[in-house]
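The basis for the numbers below is simple: all heavy atoms, side chains too, and nothing from hydrogens, waters or symmetry mates. Residue numbers start from 1 in every chain, and the chains themselves are labelled A, B, ... in the order their sequence lines are given, proteins ahead of strands.
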Amino acid sequence: MSLAKDLTNGIFRENPIFKLALGMCPFLAVTTSVENALGMGAAATFVLICSNFLVSLLRNLIPSKVRIPCYIVIIATFVTLVDMVMNAYLPELHRSLGIFIPLIVVNCIILGRAEGFANRHPVLNSVADAVGMGIGFTLAMVILATFRELLGSGTWLNMNVLGRNYANQPLLIAILAPGAFILLGFILGVFNILEKRRGGAK
Amino acid sequence: MGEIFRLGLVLMLVAVVAAVALGIVNGKTAPIIALQKEQEKQDAMRLVAMGLVEADSMRFDSLVVEGMQNPYASVDEELRVVKVSVPPDTSVAGYIFIAYGKGYSSTIQTMVAVDPEGTVAGTKILYQQETPGLGANVTDPSKLTAAFIGRSADEILLRKDGGDIDAMTGCTITSRAVTVSVRKGLQAMAEAGLFRGTGDTDSGEVREGGVE
């Protein structure tokens, strides 16, 4: 397995959201704006890289019987670090992401990659995998957040795109919870069509 | 037996390293976070107090008001009143308090500045987790809270409840939470005599009107 392959794996072929369907809870919850999606994506990617790095580094030292508790402690430590640093230096973002920062601990992508990849692969490959998965997760969130923010508030990254008239009477459901599910359905459909085309061309 | 010992040791080591790392970072970030919280509160108080007095420096003192009812017991909060004055003068320029009201999906906190006669001079929503696009619009003053300014407790009432303030469309629960919590806070302060020159206010501040 080459590094490049590990890196791109998480972006399309095994995209955590669209293919593995992991980490759906924060995905649906914080995608109300592109800004939140980017912040959440960056935080999750950071934790993913750190935990994959450490888990891979310690993979021969941690006895397999206690590996899960060890992973949880490692992940929880990094999440708490992110939480504290973000609270100190990016209080605005910290407030809007709220409870979803501490909940990165139980984001299944992170434990999933520690258990499913990092504990069997060398350090560099694990970091590459984490970067890919992180980008894939962030990308997926930004895509959904783009649609939700555009339709639901008429803005993109807080910039007014669709004009004042639209912003005054937007398609509110897009930023409510049901809108997230509906739009996710459409995006998954498009993703599967693309996947089929790609498979057919081979 | 030996294996259990080994497993426990590994777990302990991992936990100790994690604890040390967290302790160090916490030591660095905790003061910054505390400072920021305090700064935010000060900024908010300064902002709402702008409608009260125009001064570069203001002094905020917590007041202990004897016998004041706590209107926010149902949401486990307390009515705390801060006295605003312009140094070196110590007379009351107004009061600031935080109103807590149970909205649709959160307890909304509204900071209110009120002048010594009991008329609202400024408001700011400090915290809310209402529905984005609906109740969350309460943070935009023009949607609701701007209407409070210049009114006293008995005039702060939604049209649906017999007053003349329009609720935000589709968000009666949020609007009512804010309106009722501000009104209750003002009423409790009025009952405690804050607006009549009793309590901590200076003599000569006795005025009629404002709140009944």
Side-chain angles (χ1 to χ4, degrees), chain A residues 29-33 36 50-51 54-55 58 60-92 94-96 98-99 148-149 151-155 167-180, chain B residues 2-44 104-107 109 125-137 139-140 142-143 168-171 174:
Chain A
V30 304
T31 47
T32 50
S33 77
N36 284 358
C50 293
S51 76
L54 257 189
V55 166
L58 301 174
N60 296 325
L61 295 176
I62 296 176
S64 71
K65 278 186 183 160
V66 290
R67 66 183 194 285
I68 300 288
C70 287
Y71 298 165
I72 298 280
V73 171
I74 290 172
I75 295 167
T77 307
F78 284 120
V79 169
T80 314
L81 289 183
V82 169
D83 190 44
M84 291 193 294
V85 171
M86 206 181 242
N87 196 352
Y89 299 103
L90 299 166
E92 275 300 312
H94 186 264
R95 205 171 316 140
S96 69
I99 185 70
R148 292 184 71 187
E149 194 181 338
L151 294 174
S153 8
T155 59
N168 280 338
Q169 205 60 265
L171 187 63
L172 263 182
I173 195 169
I175 44 174
L176 303 182
Chain B
E3 200 200 356
I4 287 186
F5 207 71
R6 200 169 60 90
L7 296 181
L9 201 72
V10 171
L11 265 181
M12 195 186 79
L13 270 178
V14 171
V16 165
V17 172
V20 170
L22 285 179
I24 292 170
V25 175
N26 186 44
K28 288 234 188 310
T29 53
I32 303 177
I33 296 171
L35 201 75
Q36 225 154 41
K37 290 265 146 69
E38 185 55 36
Q39 188 65 40
E40 254 166 46
K41 213 170 140 199
Q42 291 278 337
D43 285 349
Y104 184 70
S105 56
S106 61
T107 298
Q109 302 180 4
I125 305 286
L126 292 185
Y127 173 88
Q128 56 83 20
Q129 288 286 322
E130 300 292 289
T131 317
L134 287 168
N137 285 342
T139 50
D140 178 354
S142 68
K143 304 263 187 195
M168 298 189 297
T169 321
C171 325
T174 306

Peer 1: Rounded to the nearest 0.5 Å, what separation is found between the CE atom of A:Met84 and the CD1 atom of B:Ile33?
Peer 2: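 Going from the CE atom of A:Met84 to the CD1 atom of B:Ile33 covers 7.5 Å.
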
Peer 1: Contact between B:Val10 and A:Leu61 at the side-chain level, heavy atoms closer than 4.5 Å - yes or no?
Peer 2: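 SC-SC contact between B:Val10 and A:Leu61 ruled out.
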
Peer 1: Would you say the side chain of B:Leu22 lies within less than 4.5 Å of the side chain of A:Leu81, judging by non-hydrogen atoms?
Peer 2: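 They are in side-chain contact.
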
Peer 1: For B:Gln36 and A:Asn87, work out which heavy atoms get closest and say how close.
Peer 2: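 Taking B:Gln36 first and A:Asn87 second, the nearest heavy atoms are OE1-O, 3.1 Å.
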
Peer 1: How long is the gap from OG1 on B:Thr29 to OH on A:Tyr89, to the nearest 0.5 Å?
Peer 2: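 Taking OG1 in B:Thr29 and OH in A:Tyr89, the distance rounds to 7.5 Å.
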
Peer 1: Please name the pair of heavy atoms, one in B:Ala18 and one in A:Val73, separated by the smallest distance, quoted to 0.1 Å.
Peer 2: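 Nearest heavy atoms, B:Ala18 then A:Val73: CB-CG1, 3.8 Å.
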
Peer 1: Please name the pair of heavy atoms, one in A:Cys70 and one in B:Val14, separated by the smallest distance, quoted to 0.1 Å.
Peer 2: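 Looking at all heavy atoms of both residues, the closest pair is SG-CG2, 4.0 Å.
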
Peer 1: Tell me which of these, B:Glu40, B:Arg6, B:Gln129, B:Lys28, has more heavy-atom pairs under 4.5 Å with chain A than the rest.
Peer 2: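 Maximum pair count with chain A is reached by B:Glu40.
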
